[in-house]
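Let me begin by presenting the structure, written as structure tokens, before commenting on it.
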Amino acid sequence: MTLKNRNRMILALLWLSIGFLILNSLILAHSIKTQVLPFSMLYNSERTGFFIFKIQQLYIVIGIFLQLMFAIVGTYVTYRSFVNTQSSEVLFFALFIFAGLLDSFRLWIPAFNLQNTYSPLFLFCGNASLVSTLLTPASLLIMCIHSFNEQKQDTEKLVAIVIFIAIFTAVFIPLNTTKNLFNFTVAYSFKKIIVTYTIICYGLTLLINFLYNKQRTYDQKTTFGLLFLMIGYHAVRHSVNIAMVIVATLFLTMGSVFFIKELHNQYLWTD
């Protein structure tokens with residue numbers, strides 16, 4: 001892929017992220033105004049005790065918008081940092097961000113009162129969140145494996161294949177439409193297998209990136225950055241209280257800074 005085409009794709013993701021933020025803001029405002037998703041429901045607490053650990057659906061909504069803001073800021077910083085640098089890793093990092101965007105569709109379930117329905121929109125939101133679950137670890141793992149390829153050709157084809165496999169797999173995994181989880185996601189089958197798949201992908205990602213940096217005598221900041229991004233991503237998906245929102249914000253920020261800054265330094269050193 002040429003540098004010009006890659007930059008166009010990242011810019012397209014940036015505008016898509018901004019569009020998602022605006023659209024979801026309008027949907028949330030409308031659902032609150034029409035009492036489909038009233039404030040009283042968002043403020044309902046399922047646990048008493050210290051306030052930062054109180055579970056409220058308000059913080060799930062905050063977490064979703066944190067995902068959208070991370071997508072905008074992360075994409076913009078990536079574009080500005082690598083606009084003149086040929087890096088295939090950037091495209092896979094953009095895929096990681098795109099997976100987070102897909103997860104924001106879970107806001108539509110309470111906003112359109114889709115709970116316990118079997119409408120096409122409900123199934124779409126459930127599948128979109130499941131695609132995000134499958135795509136996130138895959139994007140990071142393929143990125144690290146692809147780093148060992150000196151030629152780094154057909155990157156865009158590899159990205160398309162990963163997306164297709166994630167969508168194809170998600171469509172064939174049954175959703176339990178009678179069980180809606182507290183974080184607005186829909187329960188799905190084979191959960192233990194998917195959790196195992198995620199853990200294996202993350203473990204291999206960190207191991208491969210560690211070996212790659214060691215082979216090239218690079219600093220291990222990108223490895224720590226990936227670890228922080230993994231923690232931040234799962235914290236934001238389960239941001240049911242203030243504590244989880246804080247953890248998600250810190251780890252997504254630190255992970256992005258560590259990974260993007262060190263990756264940029266590696267390419268400057270290579271050039």
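For clarity, every value in this text was computed on a predicted model and none was experimentally measured.
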Check whether any side-chain heavy atom of L158 sits under 4.5 Å from a side-chain heavy atom of S88, and report yes or no.
no
Using 0.5 Å steps for rounding, measure from the CG atom of N24 to the CG atom of L107.
5.0 Å
Below 3.5 Å, can you tabulate the donor-acceptor pairs from side chains in residues 247-258 to any protein atom, sequence neighbours excluded?
{"from": "T249", "atom 1": "OG1", "to": "V245", "atom 2": "O", "distance (Å)": "2.8"}
{"from": "T253", "atom 1": "OG1", "to": "T249", "atom 2": "O", "distance (Å)": "2.7"}
{"from": "S256", "atom 1": "OG", "to": "L252", "atom 2": "O", "distance (Å)": "2.8"}

Side-chain contact, heavy-atom cut-off 4.5 Å: I199 with V195?
yes
Stepwise side-chain contact (heavy atoms from CB on, under 4.5 Å) test for N5 and R8:
CA-CA 5 Å; N5 287 338; R8 285 175 177 173; 3.7 Å; yes
Is I97 reachable from M230 through a run of I, L, V, M, F, W or Y residues, each pair having side-chain heavy atoms under 4.5 Å apart?
yes
Would you give the length of the straight line joining atom CH2 of W15 to atom CD1 of I10, rounded to the nearest 0.5 angstrom?
15.5 Å
Would you please indicate if the ring centroids of F122 and Y118 are separated by under 6.0 Å?
no
Run W108 and L23 through side-chain contact (heavy atoms from CB on, under 4.5 Å) and show every step you take.
CA-CA 11 Å; W108 292 20; L23 178 61; 3.7 Å; yes
Following the transitive rule for hydrophobic clusters with a side-chain heavy-atom cut-off under 4.5 Å over Ile, Leu, Val, Met, Phe, Trp and Tyr, establish whether V83 and L13 coincide in one cluster.
yes
Quick one: does E262's side chain have a donor or acceptor within less than 3.5 Å of a partner on Q220's backbone?
no
Sort and list the pairs that fulfil salt bridge (Lys or Arg N to Asp or Glu O under 4.0 Å) and have at least one residue in residues 240-249, not counting sequence neighbours.
none
Closest non-hydrogen contact found for Y188 with K191 is CE1-CA, 4.0 Å
Whether the side chain of S147 engages the backbone of M143 through a donor-acceptor N/O pair (distance < 3.5 Å, no angle test) should be reported.
yes
From CE (M9) to CG (L16), nearest 0.5 Å:
11.5 Å
4.5 Å side-chain heavy-atom contact, K261 and S81:
no
Tell me whether the rings of F105 and F20 are parallel (<30°), tilted (30 to 60°) or perpendicular (>60°).
perpendicular
Between T155 and H146, which heavy-atom pair has the shortest distance, and what is it?
OG1-NE2, 3.3 Å
Hey, what do you get for OH (Y212) to OG1 (T222), rounding to the nearest 0.5 Å?
9.0 Å
Treating Ile, Leu, Val, Met, Phe, Trp and Tyr as nodes and any side-chain heavy-atom pair under 4.5 angstrom as an edge, say whether F190 and Y202 lie in one connected cluster.
yes
Heavy-atom closest pair (A111 atom, I27 atom, distance to 0.1 Å) is CB-CG2, 3.6 Å
Would you call the rings of F96 and F93 parallel, tilted or perpendicular, taking 30° and 60° as the class edges?
parallel
Give a yes or no on whether the backbone of F82 and the side-chain of T85 come within a donor-acceptor separation of less than 3.5 Å.
no
Pairs where residues 239-259 contributes a residue and the test salt bridge (Lys or Arg N to Asp or Glu O under 4.0 Å) is met, not counting sequence neighbours
none
Between I167 and F164, is there a side-chain heavy-atom distance shorter than 4.5 Å?
no
Report yes or no: do F259 and F210 belong to one cluster of Ile/Leu/Val/Met/Phe/Trp/Tyr joined by side chain heavy-atom distances under 4.5 Å?
no
CA sep, side-chain torsions, deciding dist, call: I165, F168, side-chain contact (heavy atoms from CB on, under 4.5 Å)
CA-CA 5 Å; I165 292 175; F168 183 83; 5.6 Å; no
Might you work through the side-chain contact (heavy atoms from CB on, under 4.5 Å) test for N213 and D219, ending with a clear yes or no?
CA-CA 6 Å; N213 288 337; D219 198 289; over 6 Å; no
Could you state the interatomic distance from CG (L141) to CG (L207), rounded to the nearest 0.5 Å?
10.5 Å
Spatial distance of atom CD1 (I208) from atom SG (C201) [nearest 0.5 Å]
9.5 Å
Residues in ring pair (Phe, Tyr, Trp, His ring centres under 6.0 Å) contact with H238, at least two apart in sequence or another chain:
none
If hydrophobic clusters are built by linking Ile, Leu, Val, Met, Phe, Trp and Tyr wherever their side-chain heavy atoms come under 4.5 Å apart, do M244 and L229 end up in the same one?
no
Tell me which donor-acceptor pairs under 3.5 Å the side chains of residues 133-140 have, and how far apart each pair is, sequence neighbours excluded?
{"from": "T133", "atom 1": "OG1", "to": "S129", "atom 2": "O", "distance (Å)": "3.0"}
{"from": "T133", "atom 1": "OG1", "to": "R237", "atom 2": "NH1", "distance (Å)": "2.6"}
{"from": "T136", "atom 1": "OG1", "to": "S132", "atom 2": "O", "distance (Å)": "2.8"}
{"from": "T136", "atom 1": "OG1", "to": "Y233", "atom 2": "OH", "distance (Å)": "3.2"}
{"from": "S139", "atom 1": "OG", "to": "L135", "atom 2": "O", "distance (Å)": "3.2"}
{"from": "S139", "atom 1": "OG", "to": "T136", "atom 2": "O", "distance (Å)": "2.8"}

With a 3.5 Å cut-off and sequence neighbours excluded, list the donor-acceptor pairs that the side chains of residues 65-77 form with protein atoms.
{"from": "Q67", "atom 1": "OE1", "to": "R106", "atom 2": "NH2", "distance (Å)": "3.4"}
{"from": "Q67", "atom 1": "NE2", "to": "D103", "atom 2": "OD2", "distance (Å)": "2.9"}
{"from": "T75", "atom 1": "OG1", "to": "A71", "atom 2": "O", "distance (Å)": "2.5"}

